[in-house]
Asker: 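To start, I am sharing the structure in question, which I have written as structure tokens.
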Amino acid sequence: MSRPPGPLRPEQQQQELVRQIGAVLTAQAPPGWRQLRVEYRAAGRHVETDLLVTGPDGVPRPGQPHPEAVRLLGVLRSGMYRPGFGTWLGAIFVFEPAQPPDVDFVRPDLEPPFRQQPPPIGFQDELRFFPRADEHVPAWLRERAGLTPPAAGGEVRTPRIHDGVDASGKPLVRRRPLVPAEAERVLAYLDAAPVILASRSNGPDVFAPDRTDAVPMNFRTDGAWAWPGAVAYYLREHGVPPDPDLVAHIRARGFTAPSEVPEPAKNLALAAITGETPEQVQTTV
């Protein structure tokens, strides 16, 4: 894409585009198909589109989405841009015969689980194509785009999931592994902290690309750190240690997570995740 097309203000226009996307996909679906699941992720010109086709045997298999469907998904994303607020970077579409489509848009302030991390220019283009007011540029987007971070307004930290990617796009892990006994205690801590943000959808596993709907898209906090469900998932499934600073923090707390977190601390954690101020978070929760 070079420039975003015009906005799709009426909801009927958005629904019509979703219908067109479904029509293109179903036209290429095999006879007897039961479900088509499309996950679309984008940042600037970086676009990822994954299609799972469930056939008569009930087994989902990867498929190649039609280029016209990919184009229409981009038109839908561009048309849902809100000046000053941006647009969503990820969405999941589920189509089933004789059923209305099920669509789940990732909030514009949340980073979708990219299969391959876009380069900084992708996030820079995102902000150029879909300008946002400064207060609506979340911390993770600033970091990905290489922008100067705003003055810190809280002390809640967020962890790195892995340590970058290699030339082929595979994630890199440059951390000391945890011994099994400690890994279990760290997992227990990560899973015990209160959930502050949740999604109905799961994301793809960057270490096992065939697992397209596996990684929980939720966030937890202990009042000092806020982490996505991917942290516990990758430790449990692949032995990937969490961010070393987070591990050190968990050790310092004796591996005992709080069962409750005060509301002001939750607001700070949500602000760290979304890039909003604690005051903005407080007015929306």
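Sequence positions, counted from 1, serve as the residue numbers for this chain.
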Asker: List for me each residue that meets side-chain contact (heavy atoms from CB on, under 4.5 Å) alongside P180, sequence neighbours excluded, and say none if there are none.
Answerer: none
Asker: Which residue pairs satisfy the salt bridge (charged side-chain N to carboxylate O under 4.0 Å, His left out) criterion with at least one member in residues 165-175, sequence neighbours excluded?
Answerer: D163-R175
Asker: Check the orientation of F123 and F114. Use parallel for under 30°, tilted for 30 to 60°, and perpendicular for over 60°.
Answerer: perpendicular
Asker: Could I get the full list of ring pair (Phe, Tyr, Trp, His ring centres under 6.0 Å) partners for Y233, not counting sequence neighbours?
Answerer: none
Asker: Kindly give the cluster partners of V94, where membership spreads through any ILVMFWY side chain lying under 4.5 Å from a current member.
Answerer: I92
Asker: Using a strict cut-off of less than 4.0 Å between a Lys/Arg side-chain nitrogen and an Asp/Glu carboxylate oxygen, indicate whether R128 and E126 qualify as a salt bridge.
Answerer: no
Asker: Only pairs under 3.5 Å count here: list side-chain donor-acceptor contacts from residues 183-196, not counting sequence neighbours, and write none if there are none.
Answerer:
from	atom 1	to	atom 2	distance (Å)
Y189	OH	D222	OD2	2.5
D191	OD2	R236	NH2	2.3

Asker: Can D205 and H238 be said to form a side chain to side chain donor-acceptor pair (under 3.5 Å), step by step?
Answerer: CA-CA 10 Å; D205 184 331; H238 301 291; 2.7 Å; yes
Asker: Closer than 4.0 angstrom, basic N to acidic O: yes or no for E39 and R115?
Answerer: no
Asker: Hey, are D50 and R37 close enough for a salt bridge, meaning a charged N less than 4.0 Å from a carboxylate O?
Answerer: no
Asker: Atom CH2 in W140, atom CD in E111: separation rounded to 0.5 Å?
Answerer: 5.0 Å
Asker: Can you name the side-chain contact (heavy atoms from CB on, under 4.5 Å) partners of V18, sequence neighbours left out?
Answerer: L76, F93, F95, P101, V103
Asker: Identify the residue among F105, F129, Y81 that makes a side-chain contact (heavy atoms from CB on, under 4.5 Å) with T87.
Answerer: Y81
